[in-house]
Structure formats: structure tokens, C-alpha cells
Asker: 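Just passing along the structure, written as C-alpha cells.
None of the values given here were measured: they were computed from a predicted structure. Atoms within each ligand, like the ligands themselves, are counted from 1 in listed order.
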Amino acid sequence: MPHDCFADEIAIDFPSVELAVERMRDAFLGECEDDVLRREVLVSRREAWDGLVVPIEVPLRGLCRHCGGRGETWAELCTDCRGSGTWLQHHSVRVTLPPGVADGARIRFRVSSPGADSVRVEIRIAITNRVIE
Ligand SMILES: [Zn+2]
């Protein structure tokens, strides 16, 4: 199911407007299943209880500034992007998990950077009994 937020309210109170609400939610939240970067974060029970900050690597892609996305300058391959017209960079994001975070909880956010396409990220919390180093 693409959207779990508000899902209960719609099913119970407004069954006939479900489709319209889903579209509005898409427009409002910008949610779309296709281009969401999903990551599962394993945390111990102790970490889930205390809350913690987890680093997430998010790949950001943007147009090459050297060639403007053409992949070449004059007749030569662009040296900055090697002809791809884009650049790819791994951006480190620190996500704060609140104390008492539940197993299966999802955290959604968007990462954007000047000159890059923004990336939607969904993190799913998985609590494990295993000790994590
Ligand atoms: Zn280039």
C-alpha cells in the first residue's frame, strides 16, 4: 500500500472519496511508489528504547555543470561527467530516531541539494534482538 498515513480516516469516514483523497495526498506529499529510496535500519531493542541517530547514504543526481547535461563540450566528451551529462554523489544524511521507536515504523523525508534532483527516502525500522556493533 503506497500511503498508510490517513488511511484509516478515509476507509472509515469517507469511503467514497478515497480515490480523490489519494490523488490529493499524492499532490500534497509528493508521494509516489516508483522513485522512493527505501532503506531498512536494524536497531537493537536498547537503541530503539533510547532513540538514536543513524547515518543514511542517499545518492543524489544532478545535471553536470561543466557541460550543462549534454555530456560533451564542443566535439569532445565532457571530462567532468565522462559523457553521462549528470553527476552522482552520495550524500550522508543523519536521521534521528525518537526514543521508543516501534518495530516496523517508517520515516519518510526528502533530500534535496542545489542543482540536484530531490530524492524521497523511506526508512523502515527493524528491531532485532541481535547485538549490533
Ligand atoms: Zn559533463
Asker: CZ/R108 to CZ/R106 distance, rounded to the nearest 0.5 angstrom?
Answerer: 7.0 Å
Asker: Return yes when atom CZ of R46 has more than 12 non-hydrogen atoms of other residues, nucleotides or ligands closer than 6.0 Å, and no otherwise.
Answerer: no
Asker: Quick one: pull up CD in E57 and CZ in R39 and give me the separation to the nearest 0.5 Å.
Answerer: 9.0 Å
Asker: Everything protein-side that's N, O or S and under 2.8 Å from the Zn ion (ligand 1): list it, residue and atom.
Answerer: C64 SG, C67 SG, C78 SG, C81 SG
Asker: Pairs under 3.5 angstrom only: tabulate donor-acceptor contacts from the side chains of residues 66-80 to other protein residues two or more places apart or in another chain.
Answerer:
{"residue": "R70", "atom": "NH1", "partner": "C67", "partner atom": "O", "Å": "3.3"}
{"residue": "R70", "atom": "NH2", "partner": "C67", "partner atom": "O", "Å": "3.4"}

Asker: At what distance, to the nearest 0.5 angstrom, does CD1 of I56 lie from NE2 of H91?
Answerer: 12.5 Å
Asker: L37 and side-chain contact (heavy atoms from CB on, under 4.5 Å): which single residue from V111, V121, I123 fits?
Answerer: V121
